[in-house]
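For reference, the structure discussed in these notes is given below.
The sequence lines fix the lettering, A, B, ..., with proteins before strands; numbering per chain opens at 1. What you see is a predicted model, and the numbers here were worked out from it, not measured in a lab.
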Protein chains: 2
Amino acid sequence: MNKKPNLKDVAKVAGVSAITVSRVLSNPDKVSEKLRTKVEQAVHEIGYIRNHAASALASRRSGVIAVIIPSLSNIVFNDVLQGIYSAVKQHHLQVVLGDCHYSPLEEEKLIATLLSQSPEGFILTGTDQTDYARKLLQQSGIPIVQLMELSDCPIDMNIGFSHFNAGVDITNHLLQKGYRKLGFLGARMDTRTQQRLAGFKKAIADFKQPCQSYVVTTTQSSSIRLGGQLLQAVMAESQGQCDAVFCCNDDLALGALFETKRMNLKVPADIAICGFNDLEASALVEPAITSVASPRYEMGQQAVELLMTASGKDKTHKPPIDVGYRIVERAST
Amino acid sequence: MNKKPNLKDVAKVAGVSAITVSRVLSNPDKVSEKLRTKVEQAVHEIGYIRNHAASALASRRSGVIAVIIPSLSNIVFNDVLQGIYSAVKQHHLQVVLGDCHYSPLEEEKLIATLLSQSPEGFILTGTDQTDYARKLLQQSGIPIVQLMELSDCPIDMNIGFSHFNAGVDITNHLLQKGYRKLGFLGARMDTRTQQRLAGFKKAIADFKQPCQSYVVTTTQSSSIRLGGQLLQAVMAESQGQCDAVFCCNDDLALGALFETKRMNLKVPADIAICGFNDLEASALVEPAITSVASPRYEMGQQAVELLMTASGKDKTHKPPIDVGYRIVERAST
DNA sequence: TTGAAAGCGCTAACAG
DNA sequence: CTGTTAGCGCTTTCAA
């Protein structure tokens, strides 16, 4: 079988020089219509596909942006990813994606690997990168966006919202509704979950009236099933006193809700449930679950836009962008 | 700011030649330990990262595999992706991912784009690629895997299961349970959904006793909410006669189940519900939903293994690999 | 085990 | 608007 066609092969077929073919592919406007159509036909005819490696090497533009998320299975990052992919398409970029499984060390390795692709921008989740990772990123000189949470000392750009404030607000929501024995159900316990928990504790500490709190956490990864188990755990720990739970995400909240049915608890009469992330199911179960919504898709899109507009060279401090969040009150509280 | 360090810079610092540094990175065994450690230190010290484009160009090995899925938001492909990423890690490969939004034309464009990365393998979903796409793929000479469904004339390798058979089986399951007024709820209507529907019709046509069928479909994309709407639609169309629904996926099934509560229908007494894909939630709702399970994660992994073991050159016909499926019977039927 | 030379396929810069 | 030349940073091949 003949080897893959290259620029010269196309040039020969079209009766032009290689550079002209190159221009048709990258700057069609700079080539006369006559030659352009001739070249385009030749390209299609022999099924020519440009060699990205050679192109990137010669032009110093890889057309790639690197993205690292903590988990492929978490729908939350999926939403962000969709935003990223939608924006990337406009800019004719490719995404190289890594899943660091919530591990800064794995993330460090991934950063090194992905940087080798000479990405034109880098999107990271969260703010707890290793020192060496930060060094590599800084040295690369490319624009960087840290997503999801807000940071005091971002590597470069930063867009997200305060999980601490959201934790405070949703806890206050429960307190305002009259609940006084609040449970916190937490899984995974990554930094954002910890911030939500900190918010929970803060709201309780600041509350003027007596109230109880029960914190049940695990480093296991989150799932609906786990939500049921954690509800059992918090009821055990509170000896059945707990009258409201703040679940660190909607998966847990759904599991907790399903478990209440098996336990014959009425929601929200016997126990209130609220979650985080506002998944579709939360709005449709009976009773619908109060949750915290945030513009994930838009965050992903905006991250790409930020990368594209960043000159890359300006080392000026860019203020974090707070996209905010919204407490969606539903029947479960 | 100094430009990014390259091989020569490292070589200078380590006091060796560039090619020796290259060997330390790719074939550490071929370099004496003394030089190797010296080079490794130099690499770490100046934060050197190998230029992938140059490396790929010179070696004709990109270390990349291309993957196209029809939808980033569908959890089903997410599972497959996770399998792919887990396998890819073992082989030190990068994934370049595209989302074709269920469109063969978009897929064709993506294939061209992704082929420009000189991937060493290509994973596609489904079997309805355009002719030009097939030509490009064939011409590329790289191993290709088509995932999810079985094909009579795969481009190269093929791994999946028969959605038609699964549709037949689940429909027969409903018939055996005594239901005679069966509804089919379908969204998106991609090829796999169509095959499930074909199975549904076939089972009904082959059934020896009189029975009714009501097919309600939409090209809208699937969601939980839509499941409720389609249930309403099928009840309207059947004038309340429908006593069982086969939902083309679990999202619709969940939505249908939630809707039954609002309609005051008892499941499975008044109406049976079954889904497809066996999502976690299906097992945990009340009543739990009968569904069709398949080894998605493993399919993803196996696809990568197939690519890696494929010599790439042998044009022998490889028989499709049937990973099978399993009907998980639960309380909803 | 190490190095020197050549070139992968493309595009930037310059020239016509 | 089109072409020529040089070289991107690395690895292959060959030689020492």
Side-chain angles (χ1 to χ4, degrees), chain A residues 2-40 42-43 46-64 92 113 115-120 140-141, chain B residues 2-40 42-43 46-64 92 113 115-120 140-141:
Chain A
N2 334 337
K3 56 193 269 296
K4 272 189 287 183
N6 64 19
L7 258 195
K8 271 190 197 158
D9 298 327
V10 181
K12 218 171 292 169
V13 172
V16 298
S17 71
I19 185 68
T20 299
V21 179
S22 171
R23 283 202 267 256
V24 171
L25 265 33
S26 321
N27 297 82
D29 300 343
K30 302 205 163 178
V31 178
S32 68
E33 182 160 344
K34 209 180 75 189
L35 285 192
R36 199 192 318 146
T37 48
K38 227 195 284 184
V39 169
E40 277 163 355
V43 164
I46 67 179
Y48 169 73
I49 287 179
R50 188 220 243 108
N51 181 322
H52 170 263
S55 166
L57 180 59
S59 68
R60 290 111 193 285
R61 302 202 62 239
S62 67
V64 157
H92 296 282
T113 310
L115 277 178
S116 77
Q117 306 268 349
S118 314
E120 298 177 22
S140 76
Chain B
N2 333 337
K3 56 192 269 295
K4 271 189 287 183
N6 63 18
L7 259 195
K8 271 191 197 159
D9 298 327
V10 181
K12 219 170 292 170
V13 172
V16 297
S17 71
I19 182 64
T20 300
V21 179
S22 171
R23 287 199 185 103
V24 170
L25 264 34
S26 319
N27 297 81
D29 300 344
K30 302 205 165 181
V31 179
S32 66
E33 182 160 348
K34 209 180 77 190
L35 284 191
R36 197 193 320 147
T37 48
K38 227 197 281 186
V39 169
E40 278 163 354
V43 165
I46 67 179
Y48 169 72
I49 287 179
R50 187 220 247 103
N51 181 322
H52 170 264
S55 166
L57 180 58
S59 69
R60 291 108 191 284
R61 303 202 61 239
S62 67
V64 157
H92 296 282
T113 311
L115 277 178
S116 77
Q117 306 270 348
S118 314
E120 299 177 22
S140 75

Rounded to the nearest Å, what distance is computed from the [atom1] atom of residue [X] to the [atom2] atom of nucleotide [N]?
X	N	atom1	atom2	result
L7(A)	dT11(C)	CG	P	6 Å
N51(B)	dC10(C)	CG	P	16 Å
D29(A)	dT2(D)	CG	P	13 Å

[X] side chain, from C-beta outward: closest of [options]:
X	options	answer
S59(B)	dA13(C), dG9(C), dT12(D)	dT12(D)
A58(B)	dG7(C), dT1(C), dC10(C)	dG7(C)
R23(A)	dT2(D), dC10(C), dC10(D)	dT2(D)

Can you find a side chain N or O atom of [X] that sits less than 4.0 Å from OP1 or OP2 on [N]?
X	N	answer
S55(A)	dT11(C)	yes
S17(A)	dT4(D)	no
R50(B)	dT11(D)	yes
S22(A)	dT11(C)	yes

Next on the checklist: With nearest nucleotide decided by heavy atoms, which residue, A18(A) or R60(B), maps closer to the 5′ end of DNA chain C?
Outcome noted: R60(B)
Checklist outcome for this item: Of L35(B) and L57(B), the one whose nearest nucleotide on DNA chain C sits closer to the 5' end is L35(B)
